[in-house]
Asks: 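Let me begin by handing over the structure; questions about it come next.
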2 protein chains.
Amino acid sequence: MNAPVAIDYDRVVSDTQSDGRRPVFAAERRQRILELVRANGAVSLRELAQAVHSSEVTVRRDLRALESEGLLNRHHGGATLPGELSREAGYAHKVSLEAAEKGAIADLAGALVEDGDAIVIGPGTTTQEFARRLTRHAELAVVTNSLLVAQVLAGSPRIEVMLTGGTLRGPILALVGSAAEQSLAGLRVRRAFISGNGLTAERGLSTPNMQVAGVDRALAAAAEEVVVLADHTKVGVDTMVQTVPPDRIDHLVTDDAAPRDVLDDLSARGVRLHVAQF
Amino acid sequence: MNAPVAIDYDRVVSDTQSDGRRPVFAAERRQRILELVRANGAVSLRELAQAVHSSEVTVRRDLRALESEGLLNRHHGGATLPGELSREAGYAHKVSLEAAEKGAIADLAGALVEDGDAIVIGPGTTTQEFARRLTRHAELAVVTNSLLVAQVLAGSPRIEVMLTGGTLRGPILALVGSAAEQSLAGLRVRRAFISGNGLTAERGLSTPNMQVAGVDRALAAAAEEVVVLADHTKVGVDTMVQTVPPDRIDHLVTDDAAPRDVLDDLSARGVRLHVAQF
DNA sequence: AGATTTCCGATCAGATTCGTTCTCGTTCGG
DNA sequence: CCGAACGAGAACGAATCTGATCGGAAATCT
């Protein structure tokens, strides 16, 4: 079903050697696609097809293959760099996860703050929820290394918010590194509200990331008392780096789905417990 | 058999010319909506639609999706941060104001950045738009005192973002105070991208706030070259505190609605002009 | 309390894009 | 020399996204 094709492809002699060189190989095309996406951050399917001189179907196939390798993200109409948008999805999932528990914990922890206090707040979804409860307080001075906490409190004129410096750790929107730790060095506040990734009676608070661990230690060191906010999914689990030893934890705020034996152990070590009921 | 095909694909294909504009995907649009809401605490539906260049219906759909993920709360007229009482806007409509000019200025300023650069970015809606253009660059080191700029760049793994410390100035979400200035003291980068509130040939860049002025000075002092981003509404106006004298300004990026005489004066003082055309 | 304005939700239509299937040309092996 | 295998383009139907319109609900004003 074709008239004599008058189209002159750029593909030329291929009969001579099996070691042909002119035809555009699939791997080369995919490499170019990847370069284009990396260069622009987001490229439409049509542009890609035009750029590599192939049909949209072919590009679509390539994109599917590249996506399965995790090299890019595919969307309606084109492709984007991985991570830029998928991060939000991951974070969104975390927010909705145990949202009710986090809220109850935040409520309970709010009772540990009084007007006129100076406190430190670490990063995390639970502490962010906790920060929301603070807007009703007056004359608070809050130090934090979390951009999300800072933004939550930004609109409250009666709360003074100070951010530590430091390099931004994208996935959690928190400041880490030596600059962050140093800016906390000369500080002394009443209480620190921290929420790590794991908490056991033996090793205390822990987190899987070295940099985050460093700042968490600095946050705890700046406060007279350390308050740990941890929902039941974190109680009893241990992650890589220890940040706050058990005897340095003064309060633990959690929910009643946390394992009892761990709570008892912690209580025996002098940690005051605040358990949110459902 | 067949009649000669009357279809001429070659002509039809060129219907949609790609004018180099980057495609806007649904996910990206939602990301921007989320940023706007997070930045302002509360944004009206109309403003959102204007800011992302979509219809209100589409924005409404996006808001519904984002709400179901727990990322924001929506009610009559717009959306707010989850669990947050509505805050005063006023910053929101500044974003949409002269959005086209700001975008063009940001595009132009993007040409002043090269891969591997170390730069400083000040607070402001224009600089935020500028930061959005940087995500395609690689191996950038960015220092800023703006939470919005930091957030825009947070998702780019190839850009290292450093925030200055300091106390948070709520309305503009920027860090100010002596802590912010000191953290910039030992720093030396190639270029600083700043956007004050007013710019004249006689007094240079100025801002109505003392604290902001202090940081702006520190930002400029940390860079070899100072680049000012200012749309036409700021050119020719003078505000209270001078931050950067005219002879310290190396580049000015603005749009072609700026008063010519002021631009000429600045050019005579050695400022290189980059004027975005419409 | 009633009227008006504004905004929300639902349905519909248009356009675009995606996935599948089919076909063609090339390459490799017997 | 011929057939199978593979890659690539074309076409069709399905799914999705976007924008417009209309009735109803909510908020505001008088």
Asks: So if I take every side-chain heavy atom of B/R60 and compare against C/dG9, C/dG19, D/dG19, which nucleotide ends up nearest?
Replies: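 Ranking C/dG9, C/dG19, D/dG19 by closest atom to the B/R60 side chain puts C/dG9 first.
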
Asks: Using a distance-only criterion (donor-acceptor N/O pair, under 3.5 Å, no hydrogens), is the base of D/dG9 paired with the side chain of A/R61?
Replies: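 Pair found.
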
Asks: Considering only D/dT18, C/dC8, D/dG19, which nucleotide approaches the side chain of B/R29 most closely?
Replies: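 Closest of the options to the side chain of B/R29: D/dT18.
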
Asks: Between D/dA8, C/dC7, D/dT18, which one does the side chain of B/T58 approach most closely?
Replies: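 Among D/dA8, C/dC7, D/dT18, the one nearest the side chain of B/T58 is D/dT18.
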
Asks: How far apart are the closest heavy atoms of B/A230 and B/T254, and which atoms are they?
Replies: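 Residues B/A230 and B/T254, closest heavy atoms: O-OG1, 2.7 Å.
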
Asks: Might you point out which heavy atoms bring B/G198 and B/T239 nearest each other, and give the distance in Å?
Replies: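 In terms of heavy atoms, the two residues are closest at N-OG1, 4.3 Å.
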
Asks: For A/G78 and B/R64, find the nucleotide of DNA chain C closest to each by heavy atoms; which residue's nucleotide sits nearer the 5' end?
Replies: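 That would be B/R64.
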
Asks: When you measure from the side chain of A/S55, which nucleotide among D/dA26, C/dC18, D/dA10 comes out closest?
Replies: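 Comparing D/dA26, C/dC18, D/dA10 against the side chain of A/S55, the answer is D/dA10.
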
Asks: Given D/dA27, C/dC18, D/dA10, which nucleotide is nearest the side-chain atoms of A/V57?
Replies: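 From the listed options, D/dA10 comes nearest.
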
Asks: For the OG1 atom of B/T233 and the CG atom of B/L199, what is their distance to the nearest 0.5 Å?
Replies: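 If we round to the nearest 0.5 Å, B/T233:OG1 and B/L199:CG are 11.0 Å apart.
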
Asks: Measuring from the side chain of A/R46 (C-beta onward, heavy atoms only), which nucleotide among C/dC7, C/dT17, C/dG9 has the closest atom?
Replies: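 My answer, after comparing the listed nucleotides, is C/dT17.
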
Asks: Quickly work out the B/R30 CZ to D/dT16 P distance and round it to whole Å.
Replies: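 Distance check: B/R30 CZ to D/dT16 P gives 13 Å.
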
Asks: What is the minimum heavy-atom distance between B/P123 and B/S146, and which atoms define it?
Replies: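 Nearest pair, atom of B/P123 first, then B/S146: CA-CB, 3.7 Å.
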
